[in-house]
There are 2 protein chains.
Amino acid sequence: MSGNKDSDFKNPLFTVDSVLFTVIDKELKVLLVKRASEPYIGCWALPGGFIDIDIDHSADMTALRKLKEKTNVAPQYLEQLHTYSGLARDPRGYSVTLVYYALTSAVEASTHIETVDDAKWVSIEELDILPIAFDHKHIIEHAQQRLKQKALYSMVPIFCLPELFTIGQFKSVLEAILGKPVQRKTIIRRIDAADILEKVDEKIKSGGRLAHLYKVKPNVDIVNFERNLSY
Amino acid sequence: MSGNKDSDFKNPLFTVDSVLFTVIDKELKVLLVKRASEPYIGCWALPGGFIDIDIDHSADMTALRKLKEKTNVAPQYLEQLHTYSGLARDPRGYSVTLVYYALTSAVEASTHIETVDDAKWVSIEELDILPIAFDHKHIIEHAQQRLKQKALYSMVPIFCLPELFTIGQFKSVLEAILGKPVQRKTIIRRIDAADILEKVDEKIKSGGRLAHLYKVKPNVDIVNFERNLSY
DNA sequence: GTTAATTGTGTCACTGAGACACAAAGATAA
DNA sequence: TTATCTTTGTGTCTCAGTGACACAATTAAC
């Protein structure tokens with residue numbers, strides 16, 4: 001932008017965006033917000049913005065703050081995806097965007113979203129028919145790929161679930177992320193190998209035997225497995 | 001994004017650094033350069049600098065360009081590690097640094113490095129006794145952890161080797177990265193499962209049977225395995 | 001020739017995912 | 001009540017790939 005004293009180089013515009021995922025009705029969804037200003041006004045974009053160096057201790061804070069503005073809750077999981085840069089991705093000029101991907105429980109985040117009309121959950125298929133700003137469609141695909149990979153070897157998908165959940169719900173989330181069926185037996189084996197979940201009591205499900213409820217034990221690290229599920 | 005004008009926020013200083021690894025004498029090494037200016041003048045730091053938006057098509061180019069200035073060759077492997085940000089990491093103020101990690105063959109990169117005195121290969125143990133600038137020690141440890149993880153499930157460590165190499169050399173590289181012994185049999189099994197290497201002819205090694213030489217097949221993608229090596 | 005060192009092969013045990021059968025428990029309808 | 005349907009949970013077999021280790025093959029040094 002304006003010339004700066006510290007270097008001979010123009011400092012590119014730096015922003016932080018997030019790809020927030022959840023699973024609703026056995027379908028993987030992404031949170032998008034409608035742009036209120038140029039460029040790409042009216043198009044759907046990833047939630048994000050500039051670092052406010054007075055309140056954001058680090059870029060993680062920026063991502064969390066921007067997500068909370070839209071959903072009213074902090075996501076259960078947040079991790080860096082990639083930093084995108086270049087001249088072609090924003091008509092205003094050279095830009096650098098640090099992108100996070102995040103997971104949240106649908107029930108907690110959706111109550112607030114449904115009251116506004118500039119933010120909504122979008123399924124992956126809808127990305128082809130909605131007008132998406134910048135290179136955000138490409139970024140979302142990249143994030144989806146990464147989430148898929150992660151789901152193969154970790155328990156991270158539990159962060160798409162509410163505090164209490166059943167194995168059946170976990171199975172649905174996993175299948176939505178992977179796009180293919182998973183054996184319940186495999187999930188159960190992993191749950192007690194990971195040793196990060198505990199049973200509580202019971203709960204009724206649509207027709208059929210009552211399912212155990214699980215919740216995440218307090219203060220546990222996410223476990224990675226040595227073997228992947230099959231691709 | 002936000003409805004604010006672009007210039008409402010102070011844009012933090014943005015830089016690109018790289019953690020370039022190689023293996024020399026069965027030991028994992030990192031390329032460091034001596035700082036010629038304040039802050040941390042005289043300390044050792046990761047090679048990097050500012051994006052030159054006139055010549056760097058993207059941040060990848062910046063990382064490659066800066067590494068080539070120091071080693072005279074492009075690294076065989078380059079991937080984003082993490083973007084670090086905050087007020088505490090640079091005395092000059094709020095900073096954002098996109099860090100890559102990279103791999104190169106020792107023989108190709110070292111010829112040039114040995115002619116200069118402001119760049120050198122540093123072993124992981126030396127990090128404790130050398131003065132390291134900024135939070136770069138922490139970043140290097142992070143990169144090493146990531147490389148270790150990657151070595152468990154991919155063939156990426158071959159990029160620490162010259163064009164032609166033996167299984168024994170590959171074994172050494174892997175053991176230097178993982179910090180623990182690996183069965184030769186396991187490596188051989190993975191080499192022909194991956195199907196990205198081909199034998200060429202023969203070559204003598206320090207006392208003992210002649211070892212086959214391998215090289216990477218042209219235009220192959222790096223293979224990931226479904227199972228990790230043991231931690 | 002003998003020995004030492006390294007490369008390469010054969011094979012057994014173990015672990016965890018995939019697959020599938022089947023039992024258990026509740027809902028619904030006759 | 002009984003029969004049927006649905007979902008949950010268990011038992012178990014197969015299969016693939018790693019770890020471990022024994023052993024054969026090949027070359028250098030003495």
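Reminder, nothing fancy here: chain letters follow the sequence lines and each chain counts from 1. Here the structure is a predicted model, which is why all the values come from computation and not from measurement.
If you run side-chain contact (heavy atoms from CB on, under 4.5 Å) between A:Thr83 and each of B:Val96, B:Val99, B:Thr83, only B:Thr83 comes through.
Separating the NZ atom of B:Lys203 from the C1' atom of C:dT7 is a distance of 14 Å, rounded to the nearest angstrom. Distance, B:Ile188 CD1 to D:dA24 C1': 14 Å, rounded to whole Å. If you take NZ of B:Lys26 and C1' of C:dT6, they are 11 Å apart, rounded to a whole angstrom. Rounded to a whole Å, the CZ atom of A:Arg209 is 5 Å from the C1' atom of C:dA25. Distance CD1 (B:Ile187) to C1' (C:dT6): 14 Å, rounded to an integer number of Å. For the pair A:Phe165 CZ and D:dT8 P, the interatomic distance rounds to 14 Å; values are reported in whole Å. The distance between atom CD1 of A:Ile167 and atom C1' of C:dA24, rounded to the nearest whole Å, is 15 Å. If you take CG of A:Leu210 and P of D:dG9, they are 9 Å apart, rounded to a whole angstrom.
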Q: At under 4.0 Å between heavy atoms, which parts of nucleotides 11-20 of chain D does protein reach? Answer with one letter per nucleotide, 5' to 3': B base, S sugar-phosphate only, - none.
A: BB---BBBBB

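Using cut-offs of 30° and 60° on the angle between ring planes, the pair B:Phe159 and B:Tyr77 is parallel. Ring geometry for B:His138 against B:His142 counts as tilted: the plane angle lies between 30° and 60°, on a 0 to 90° scale.
Judged by the 6.0 Å distance and 45° axis criteria, A:Arg190 is positioned over the aromatic ring of A:Phe225.
Side-chain contact between A:Asn228 and B:Asn224: absent, with no pair of heavy atoms (C-beta onward) separated by less than 4.5 Å.
For A:His212 and D:dG9, the shortest distance from a side-chain N or O to OP1 or OP2 is below 4.0 Å.
Summarising the geometry of B:Lys70 relative to B:Asp118, their closest heavy-atom pair is NZ-OD2, 3.7 Å, with the distance given to 0.1 Å.
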